[in-house]
Amino acid sequence: MTSKSLWMDIDVAPDARVLDGAQECDVAVIGSGIAGISTAYELCQRGKSVIVIDRGRICGGMTSRTSAHLAPLCDDLVSEMTKIRGHEATKLFCDSQAAAIDRIEEIQKIEKIDCDFRRLDGYLFQGRDMPSDIIDQEMDAVREVGAPVHRLMGVSLKGCEGRHVLRYPRQATFHPLKYLAGVAKACSENGVTFFRDSPVVEVTEDNGVVTVKAARGAIRAKHAVVATNSSISDRFAIHTKTAPYRTYVITFEIKRGAIPDALYWDTEDPYHYVRLQPGPANTDYVLVGGEDHKSGEADDADERFDRLEAWARSLVSGLGKETHRWSGQVLDTIDYAGFIGRDSGGKNIYVAMGDSGQGLTHGVAGAMLNTSLVFGEDHPWKDIYEPGRVPLKAAKNFVTENITAFKSFAEYAAPGEINSLDDLKLGKGAVVRRGLKKLAAFRDEAGALHLRSASCTHVGCHLHWNSFETCWDCPCHGSMFDVDGQPINAPAIGPLARVED
Ligand SMILES: Cc1cc2nc3c(=O)[nH]c(=O)nc-3n(C[C@H](O)[C@H](O)[C@H](O)COP(=O)(O)OP(=O)(O)OC[C@H]3O[C@@H](n4cnc5c(N)ncnc54)[C@H](O)[C@@H]3O)c2cc1C
Ligand code: FES
């Protein structure tokens, strides 16, 4: 089965066109995922003229690959965040994430968006053969930040009667693309223009004017918000504070009512989760996810899906046929909060990145924060998400995550994965050595060879083949490239260098 998410059939902003020529507006928003579209919405509601521009289809990035939990507590555990950020900052972080969910609830109500939004309970349950003390530590930390939490024994999953559990009330979930299609429609009705298939190649600022340059046109604006999932304006510093992880989701049909509608996730590291999404007639979809690994460091998706399925079948009775499987990437930050606010390189350029596994709430909180900054207002969340912050207590995470870059550059000295291009089978990709160079080689089903440099165009790390997604992944900061070398995920802007066959 090829990679396709449960949400991808929805067309967001179907009238979007390619940017061709010069455009002007108050704010150019680069990137049309939840961060970009939510920012456009907040700004146009307050009277700004806004243009949204995207490299591909509107909302075709990581937002179309999410699993759509709307959970306000720190995804990496509140107890862990408190150790690094302290009590006050952690409380403000959780409050901001909760406010983002309130805002989604409000917007879908105001704009009458039919997107399956609902409030429900979340259950963190003790992983199989895991100690229970993590549950107690987490309960104490969550209570300290003032969020509601209840300690239980057992959860409504098969064989989990004896597990230690925390119940969090007032979590939420929705259909992310139905929601964003509605928000984009409201934006269009308020004068926002959407451009698709228009990769931005440069963002510059001169005398208070920001220029956003694409292949066939440019936008002049008073402000730009860079919402490209991973920044294309700050080219280096911010990326040393994030690390890309690939994560997997598989969905099955299930009879409605088989398990209570709630969010469930375990205490394993990386954790697994299960949740429901309404389907047709009397059927629901069960989403099961996890099995994360650092991007580019494994190419064994089938085994990971097998493990997810086995985990789900051990906990949920009556799982029906598989309907979808897909993977995507999250950008973990070293201190668990995103980087949102004024970009270090520009007065009128703002950034929103670093989802830490909760990019939906980060996207919406970021839209609220960056909108205030565009209006020159102060905001209580500014320091929590300050892009230039140096989190000294996260030094250990900084070192651990940045070792990847050293390992990646060392790979240039290693032999190729195959000795000769003749060894490359149909539909396969591999890195090949040619003299001092490493080449990214892919042979398509018709036998044609697609050959590019294996050096990422962001800052040069060594790429790895991803056979499930049929693309090249960069382990350093999360860029991805298609088999012809075109970037399909930021921060890379330029294509992989051509090489002669
Ligand atoms: C499998 C999975 C499960 C997840 N589960 C959850 C969850 O349960 N809850 C949660 O809160 N979060 C979750 N996340 C994270 C969350 O979905 C993402 O972090 C979030 O959707 C990212 O939104 P975004 O707007 O920042 O980025 P994107 O949706 O990736 O949007 C960025 C856009 O920028 C565009 N772009 C990039 N470069 C350029 C350029 N040069 N020019 C023009 N456009 C450009 C891209 O084409 C893209 O459309 C999950 C992620 C994955 C992959
Ligand atoms: S993403 Fe930074 S080097 Fe590849």
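Both counts, for ligands and for their atoms, begin at 1 and track the order of listing. Just so it is clear, the structure is predicted and the values come from calculations on it, not from any experiment. Side chains are part of it too, since the values below use all heavy atoms of this structure and drop only hydrogens, waters and symmetry mates.
- Within the 4.5 Å cutoff, the side chain of V483 has no heavy atoms near those of the C471 side chain.
- Look at H477 and atom 2 (Fe) of ligand 2: an N/O/S atom of the residue is under 2.8 Å from the metal.
- Y350 and H223 have tilted rings, their planes meeting at an angle from 30° to 60° on a 0 to 90° scale.
- With a 4.0 Å cut-off on non-hydrogen atoms, C474 touches ligand 2 through its side chain and not its backbone.
- Taking a 4.0 Å cut-off on heavy atoms, V249 registers as neighbouring ligand 1.
- Note: no N/O pair closer than 3.5 Å links Q329 and ligand 1 by distance alone.
- Between D54 and ligand 1, a contact under 3.5 Å exists for at least one N or O pair.
- Checking only distances, I493 never comes within under 3.5 Å of ligand 1, N or O to N or O.
- Proximity of A227 to ligand 1, defined as any heavy-atom pair under 4.0 Å, is confined to the backbone N, CA, C and O atoms.
- Under the 3.5 Å distance criterion, the side-chain polar atoms of E205 are matched with a main-chain donor or acceptor of N348.
- Within the set L70, N229, I30, the minimum heavy-atom distance to atom 27 (O) of ligand 1 is found for N229.
- Inclusion of S198 in the set of residues having an N or O under 3.5 Å from an N or O of ligand 1 is not warranted.
- Taking backbone and side-chain atoms together, H458 has an N/O/S atom less than 2.8 Å away from atom 2 (Fe) of ligand 2.
- Considering backbone and side-chain atoms together, M62 places an N or O closer than 3.5 Å to an N or O of ligand 1.
- Between V200 and ligand 1, a contact under 3.5 Å exists for at least one N or O pair.
- Taking only nitrogen or oxygen atoms, main chain and side chain alike, L360 reaches within less than 3.5 Å of ligand 1.
- Look at S32 and you'll find a heavy atom under 4.0 Å from some atom of ligand 1.
- Of the N or O atoms in H69, one or more lie within a sub-3.5 Å distance of an N or O in ligand 1.
- Summarising the contacts of atom 12 (N) of ligand 1 with S230, G359, S67, the nearest heavy atom is found in G359.
- In summary, the atoms of ligand 2 found under 4.0 Å from a heavy atom of G460, numbered by their order in the structure, are 3 (S).
- Distances from atom 21 (O) of ligand 1 to the heavy atoms of V364, I101, T63, D197 show the closest one on T63.
- In terms of protein heavy-atom proximity, atom 44 (N) of ligand 1 is nearest to R55 N, 2.9 Å.
- Between A492 and ligand 2 there is no heavy-atom distance shorter than 4.0 Å.
- Here I37 contributes atom CD1 and Y179 contributes atom OH; the two are 10.0 Å apart, rounded to the nearest 0.5 Å.
- Ligand 1 is approached by A68 to a heavy-atom distance shorter than 4.0 Å.
- Taking the centre of each ring, W265 and H272 stay at or above the 6.0 Å mark.
- The contact set between ligand 1 and V330, taken as ligand atoms under 4.0 Å from a residue heavy atom, comprises 50 (C), 51 (C).
- Of the possible donor and acceptor atoms, none in the side chain of R220 sits under 3.5 Å from a partner among the backbone N and O of A218.
- When the heavy-atom distances from atom 2 (C) of ligand 1 to R65, M353, R196 are ranked, the shortest goes to R65.
- Atoms of ligand 2 found under 4.0 Å from any heavy atom of C461, numbered from 1 in the order shown, are 3 (S).
- Here is the list of ligand 2 atoms found below 4.0 Å of a heavy atom in S479: 1 (S).
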Show, in sequence, the C-alpha distance, side-chain angles and deciding distance for C476 and C456, and conclude whether the disulfide (SG to SG under 2.5 Å) test is met.
CA-CA 9 Å; C476 288; C456 175; over 6 Å; no
